[in-house]
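Right, one structure below, let's go through it.
Just so it is clear: chains get the letters A, B, ... in the order the sequence lines come, proteins before strands, and each one is counted from 1.
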Amino acid sequence: MIQKAILAGFGGQGVLMMGVTLATAAMREDKYVTYLPTYGAEVRGGTANCTVSVGDEEIASPIASNPDFLVVLNAPSLHKFQSILRKGGDCLLNTSLVHEKSIRKDVNVYEIAASEMAEEMGELRSANMIILGAFLKISGMVQPETVLGIIDETFRRKSPKVVEKNKDAFWAGYRYFE
Amino acid sequence: MIQKAILAGFGGQGVLMMGVTLATAAMREDKYVTYLPTYGAEVRGGTANCTVSVGDEEIASPIASNPDFLVVLNAPSLHKFQSILRKGGDCLLNTSLVHEKSIRKDVNVYEIAASEMAEEMGELRSANMIILGAFLKISGMVQPETVLGIIDETFRRKSPKVVEKNKDAFWAGYRYFE
Amino acid sequence: MKSNEKVLLRGSEAIGEAALRAGCQCYFGYPITPQNELPEYMARRMGELPGRTFVQSESELAAINMVYGASATGARVMTSSSSPGVSLMQEGISYLAACEFPSVIVNIIRGGPGLGNIAPAQSDYFQATRGGGHGDYRCIVLAPGFLQESVDLTYRAFDLADEYRIPVLILGDGMMGQMMEPVVLPAFREDLPKKEWAITGAGKGKSRFIRSLLLDVHVEESHNWKLYRKYQRIERREPRSDSYAVEDAELVVVAYGTAARIAKGAVRRLRARGVKVGLFRPITLWPFPAKALAGLAESVGRFLVFEMSMGQLVEDVKLALNGKAEVELYGRPGGVVVTPVELSRILSRRYNAMRHEA
Amino acid sequence: MKSNEKVLLRGSEAIGEAALRAGCQCYFGYPITPQNELPEYMARRMGELPGRTFVQSESELAAINMVYGASATGARVMTSSSSPGVSLMQEGISYLAACEFPSVIVNIIRGGPGLGNIAPAQSDYFQATRGGGHGDYRCIVLAPGFLQESVDLTYRAFDLADEYRIPVLILGDGMMGQMMEPVVLPAFREDLPKKEWAITGAGKGKSRFIRSLLLDVHVEESHNWKLYRKYQRIERREPRSDSYAVEDAELVVVAYGTAARIAKGAVRRLRARGVKVGLFRPITLWPFPAKALAGLAESVGRFLVFEMSMGQLVEDVKLALNGKAEVELYGRPGGVVVTPVELSRILSRRYNAMRHEA
Amino acid sequence: MKGMKKIIGRPKYLKDVPNHYCPGCGHSTIHRLLAEVIEELDIRDRAICIPPCGCAVLAYDYIDIDMVEAAHGRGTAVATGMKRCLPDRVVFTYQGDGDLAAIGTAELIHSANRGESITTIFVNNGVYGMTGGQMAPTTVVGQKTTTTPKGRNPGVDGPPMKMCEFLAPLDGTVFLARSTVHSPKQIKQTKKYIRQAFESQLRDEGFSMVEILSQCPSNWKLSPVECCGWIEEGMIPQFPLGVYKQRQTEPS
Amino acid sequence: MKGMKKIIGRPKYLKDVPNHYCPGCGHSTIHRLLAEVIEELDIRDRAICIPPCGCAVLAYDYIDIDMVEAAHGRGTAVATGMKRCLPDRVVFTYQGDGDLAAIGTAELIHSANRGESITTIFVNNGVYGMTGGQMAPTTVVGQKTTTTPKGRNPGVDGPPMKMCEFLAPLDGTVFLARSTVHSPKQIKQTKKYIRQAFESQLRDEGFSMVEILSQCPSNWKLSPVECCGWIEEGMIPQFPLGVYKQRQTEPS
Amino acid sequence: MKGMIRIKKAMCKSCGLCIEVCPKGCIFVSKKINEKSYFPAEFDKKKEACTGCGLCAVVCPEAIIEVYREKQ
Amino acid sequence: MKGMIRIKKAMCKSCGLCIEVCPKGCIFVSKKINEKSYFPAEFDKKKEACTGCGLCAVVCPEAIIEVYREKQ
Ligand SMILES: Cc1ncc(C[n+]2csc(CCOP(=O)(O)OP(=O)(O)O)c2C)c(N)n1
Ligand SMILES: Cc1ncc(C[n+]2csc(CCOP(=O)(O)OP(=O)(O)O)c2C)c(N)n1
Ligand code: SF4
Ligand code: SF4
Ligand code: SF4
Ligand code: SF4
């Protein structure tokens, strides 16, 4: 089985980094995985998104024309992608940034005010870790422990405190939909 | 039947002009005709030559790999071309410029000191008309009258005197091998 | 020069004069042997005729883009070069094809690859017929076999270019460019077609633009489909070929341009000796006259492709015949021009071997 | 990055890193989407590694000629670009082929013709396999289908280039360039081949030169024959292909690169439903794996060519099969990437029609 | 708006659609200035723009005049072809620094040298914008770009090229000026230069070019306001502003 | 020769074969000077020449050093590739005016601007020699060529380009000089310039170029002796001789 | 009120140049996101300080500021 | 005789530059054509005017003039 997720938002919101983290985790778990960002002229529009596909068999196309999951960090991305989400698929919204309410009825919508949560936790920049945690909980695409390992590697050079903050944020997101 | 002639000498000696005159005459006589000069890098070496093919049927290749006639105005040209002249072919030499004596035995050699003749006639530049006349006599490729008509057209804008001088030179050459 | 009267013209001049009579308003080009006589002729003649533009560009790259600009305004326009120079034009030709800008491009092919030599060759066949540039596009490719045909095809090239809004390539070689032969010239065109699409300033109307950037893949795809349908239309309507002594032939030579000239000489020679060979001569290399050739395969079992290159034309012959007949290649690369006599030897050897097999 | 350990790499980085490990000393290139990550990667990494040269050239034209100069000295050298940029390199590639200068050229193809778009496409197939430049020449053309193959083929490309003294093209597209996949990297090459022919200054010996100008047609012809024999050697030895589920297949898809990836997904889907389809995937586009494909035609009567272009790959398939089987084209030009699901629908429709006919 | 008079609004020939430029990008401002000058000179009917491959490739979506897209770097060659056919039109190219000063060098110089009666609007933002911020010929020494990760090193990459200065000695050039769009004053100056260049073309004098230092917030990785600071401090010292050449024979 | 001493002879590295140049062609003389300088600087072992497409395309048949032929106009790009791989060699291009100043403009300017440590021997004969006498970028105003049958018209074809002057403002250039080979004095001067350029390269200073006004009797349609007159009267006034740039930092 | 401006908020990209250049501080960042996900510039009518100098319109890259001045 | 020269006539192209430049008029055009069909330059030994100045060798494009001077 192959699962595909599209992560979409503004450039600079960290969606690409989230995608790479997810893909790396899948590789560590010896799964088949592909990661595909949008590129080129589209980037200039301000939106950035990527597709992560994870599975236990070869992945033919890294493109998701009918993704299982959608993670949306801004309004234009919701407009752009909600129509292709698989019927019955899961849509995770950062409601701090997406106020839009007109969402398809045949999908599961998960809402999280990640920015506010992050602000409360005292580190606005860790909003995407909250999202990542929440997404993992919903999708089960990879094991949270694998992702934690990567967070560790990524932020280790900065400081142990940064590592902790990010891990905390991750868990906060993960637990949010418990 | 198709007859092919190679005319060869130095650039500036008028071989190309001779060739064009011959080809134009053939066209006027409603014969099939092609004219092909050498070109490009070879020209820089100083030699210039052209091939005229005249016949009563379509001419496949304007190249003469085995010409019937060879008109030679300088020594390098003799070296270059004498080997490909058809056995039994005719070779016309301007002995004013080609002192070489080692010529194939299986071809007919016609010698004419055209430059000296022209000098005597008081117009060094008409040497090639003498050659042209002589060549026509030998080859019978086209009618002398047709060529005279072209000489007329060519030199008319200059002056009637020039026309006459060239015609005289042409006839002098033509009669030389009578 | 009067129309409808035989004149002796050099190959390059024949192309140049025919272009001028077809209404070619602009020539942009860069020197390269063996086609310098063409720009030189244009420089001289365009100075004499009214309303013509001659620019010696700084390179072939600049030339093809000047062609692009002039064509955009609706002018009839031409450039010429030889192999390496035409390679430099490939990006520009792809743009011309994409924007559907009519244009006429003469390639007087020389021996290659690289700098090669200036001898007659046909080794740019792939580049011409398959598009050496990027993307799915085609150019109409015309290959005259004698100078009258150079005149006629050049004259026609401008009409084809305008009719289909497509770049048209004329392929020749140094021999076809340098030789002289009697030709009859057509009259000067007076009635050039109006081009509604041309970009000439918006005037009082809506502003317009022409571009090949089509960021949306579906828009780009439909543009490609549109081009493809046009190409199919051309493939149906415009193939041209000529044949000689094929009626009862057992072996048919396929050749174009200079090679076809020589092949015809060889065939004539062999026919005189009762050898049943014939000649099929594509005049349009793209669209390739596949149908006409396949038709021949009904009666002819063996084809010999004679090209002054190493296995290019032969692919189109094989594609046209699709296994229906035997196809053999006799290729002479590098600028070698064999004589009709040599070729007739090759042919008769093949012919005899074939009869022997049978 | 350690060798022999799985790492997640972007397609362009995979090519770049493999090149560096293959001993690529010089990179010359000019920006163009969708392959900018490759020069950017080289700029960064070459600054870290000893003895490497990175130059951002003023154009693709300059880049390919810098490649030419560096290759002449015996260095392992590479450039990369995308379609329009590669069109601009055609003259230079012809020169590289003529002078037999080893070199590796990456073309991350985009939608065309003209400026087109930056979406994945395969429409430079003709240009790559037939030589978009002038003259009779060939380049080895490699078409990886997944990132590990990008690594392996890039690594191998430098050896092929040196072994045969030939330009090697690697074709990819924006998807192959931008996506990430786990790959295992090979070790850095230590033992680069000595090149006696390289031009490095005469030293105490005789002076030497390399050129492609061969004024004498017979010399040019023998050079062309020499190249031709080399090409034949490569055609015998180097074709590579892969196939999937062809044993009992009744319909086989032929596709390469990204298209093959998608085709494999479609075939897998259909096989799960018991539909007897298979996949033939050329890995070398030139030399085309004609023999392997023709071998399949012993048992398979019908082939569907799936290409992200309009009728290019299909010609090689037809030439290989030479009428022995039915060949049909499903082309999607302009940068459209169909999904495995869509393709499987097309395939099953064709399959059913075929069974119906039978 | 009772009692109020509109004194500035959107120019007539700037289409009323959002553009694709990044926030704070200089291209947007330059487009507006072009639309204003075209309106003021009343040449919308005969103006033809040749947009480049570069961020401004979609200029035809924004400015309401006829346009023909050129291949990367070939703008002035395309303009030459057009202008020679349409000598009474106002033909101008719009080119970035990669387009004009790298791949298009030969075409630029020879069009200028031939004195083609065309105008070039040269947008110098010191990077390749569209392709994502690689070094351009005009990148200043030390500036970090994606292909000069340690900063432009003049010993390896050469120093930045100064195109106005470079073209000035060519006889065919008749108007060359450099300005910026980072401040109201300079924006007005730029507009004046564009107007002068077009007027020169209307008098058929020869080749004219306006070089405009322009912000690229996305690739400079600075906010639009910070960009204005970089223009002041990083660029103007390298690229002095002003008129570099002006044919004196005609009244201006 | 009893009692006599040979004071001038054929230089060691000029192969003892006839060349293909036309009688009185400046290329022949320039070849000789190169052979002499290479001998004097003792750099035959590490000199590499990049001959052009142009009349000098066969230079490898005459000068006894390693050579790699370049595509038309691309000499300096090829030299860049070579020199970056072989930094201790003396790499020079040999280019005609068509090759260098027309089709090769962009490569020349950018190699010069990058300050590639290479030398360009620029043979300016004011025409395209090899292709039969078409207009070159350096053809002087009024000069008749096969593509300017009425003489070069600066209004249409532009004025001649002055390459030394043009390159001088680029920081990467370190030695630029112009001379001729039409008189014994100038021939000696040319040799000195070539030597200075090579010495500069040996010091790894940057880009050097020697521009040499050179006779083309065949295409000027003048005798070799008349050509020398044309250089004096027709060319030198347009192309003033002398050193245009010389880096002062190093001793010469 | 001597002057006033109108900003077409839907097309604002929040570049901040108008805010930076306004000598009277009449422009501020809106709290309400627009359709393009930018927080657009907004004119502070209450301040009544605008002189209609037009600098904001001159610098606005999007050309979406209209400037009005009192009729004399 | 202070000086003398030798001309490799087989390689002379008769450009005439040496003749033009010789201050003593010691070089003239030969009447005998060479293999390349040029009338080569020839040194006039009889004149005994040659100073071995070497100008002819400096201008000879073909580099086929050797110059000799009396040993001091
Ligand atoms: C032949 C070719 N090479 C490269 C490209 C890719 N390309 C598109 S725009 C561009 C340069 C953009 O920079 P610049 O000209 O400075 O304009 P900007 O985007 O900064 O306005 C490049 C290299 C192309 N389209 N065609
Ligand atoms: C791409 C390309 N275009 C054109 C040519 C033809 N060509 C060969 S040499 C040359 C120019 C010769 O002139 P120049 O550079 O001035 O050198 P010269 O022969 O006068 O020494 C040209 C145009 C070519 N070989 N390649
Ligand atoms: S990348 Fe730079 S030049 Fe391009 S639109 Fe964005 S800010 Fe403007
Ligand atoms: S054509 Fe001119 S440059 Fe060429 S060899 Fe002859 S004289 Fe010299
Ligand atoms: S200058 Fe224009 S785009 Fe920028 S913030 Fe102000 S109104 Fe918005
Ligand atoms: S200068 Fe040399 S080539 Fe010329 S005439 Fe004298 S000896 Fe002969």
Indicate yes or no: at least one non-hydrogen side-chain atom of F/V68 is less than 4.5 angstrom from one of D/Y68. yes
Minimum side-chain heavy-atom gap D/L61-F/E107 below 4.5 Å: yes
Of F/H72, F/K15, F/R114, F/M67, the largest count of non-hydrogen pairs under 4.5 angstrom with chain D goes to F/M67
Are more than 12 heavy atoms, taken from residues, nucleotides or ligands other than D/E196, located less than 6.0 Å from that residue's CD atom? no
Please indicate whether F/K192 has more than 12 foreign heavy atoms, meaning atoms of other residues, nucleotides or ligands, lying under 6.0 Å from its NZ. no
Chain D contact via F/C53 - which portion, at a heavy-atom distance below 4.5 Å: side chain
Heavy-atom check, side chain of F/R84 versus side chain of D/V55, under 4.5 Å: yes
Region of D/A62 in contact with chain F, defined by heavy-atom distances below 4.5 Å: both
Tell me, for D/T53 versus chain F, whether the close heavy atoms (under 4.5 Å) come from the side chain, the backbone, both or neither. side chain
Got D/M66 and F/M82 here, is their nearest side-chain heavy-atom distance under 4.5 Å? no
Of the backbone (N, CA, C, O) and the side chain (C-beta and beyond), which part of F/A47 lies under 4.5 Å from a heavy atom of chain D, both, or neither? backbone
Taking the side chain as C-beta and beyond, is there a heavy-atom pair between D/F209 and F/L58 under 4.5 Å? no
For D/N65 and F/R74, work out which heavy atoms get closest and say how close. ND2-CG, 3.2 Å
For the atom pair CD1 (F/I65) and CZ (D/R208), what is the distance rounded to the nearest 0.5 Å? 12.0 Å
Please state whether the side chain, the backbone, both or neither of D/E91 comes within less than 4.5 Å of a heavy atom of chain F. side chain
Ignoring hydrogens, what is the shortest heavy-atom contact between D/T200 and F/I48? Give both atom names and the distance. C-CD1, 3.7 Å
Answer yes or no: is there a donor N or O on one side and an acceptor on the other, between the side chain of F/D45 and the main chain of D/G203, under 3.5 Å? no
Say you draw a straight line from CG of F/D66 to NZ of D/K206; how long is it, rounded to the nearest 0.5 Å? 11.5 Å
Quick check on F/D61 against chain D: is it the side chain, the backbone, both or neither that has a heavy atom closer than 4.5 Å? side chain
Quick one: closest heavy-atom pair of D/G205 and F/R44, and the distance? O-NH1, 2.6 Å
For F/D64 and D/S207, which I'm curious about, is there any donor-acceptor pair between the side chains at under 3.5 Å? yes
Would you say the side-chain atoms of F/E69 pair up with the backbone N or O of D/L213, donor to acceptor, closer than 3.5 Å? yes
Proximal component of D/S71, with respect to chain F [non-hydrogen, under 4.5 Å]: neither
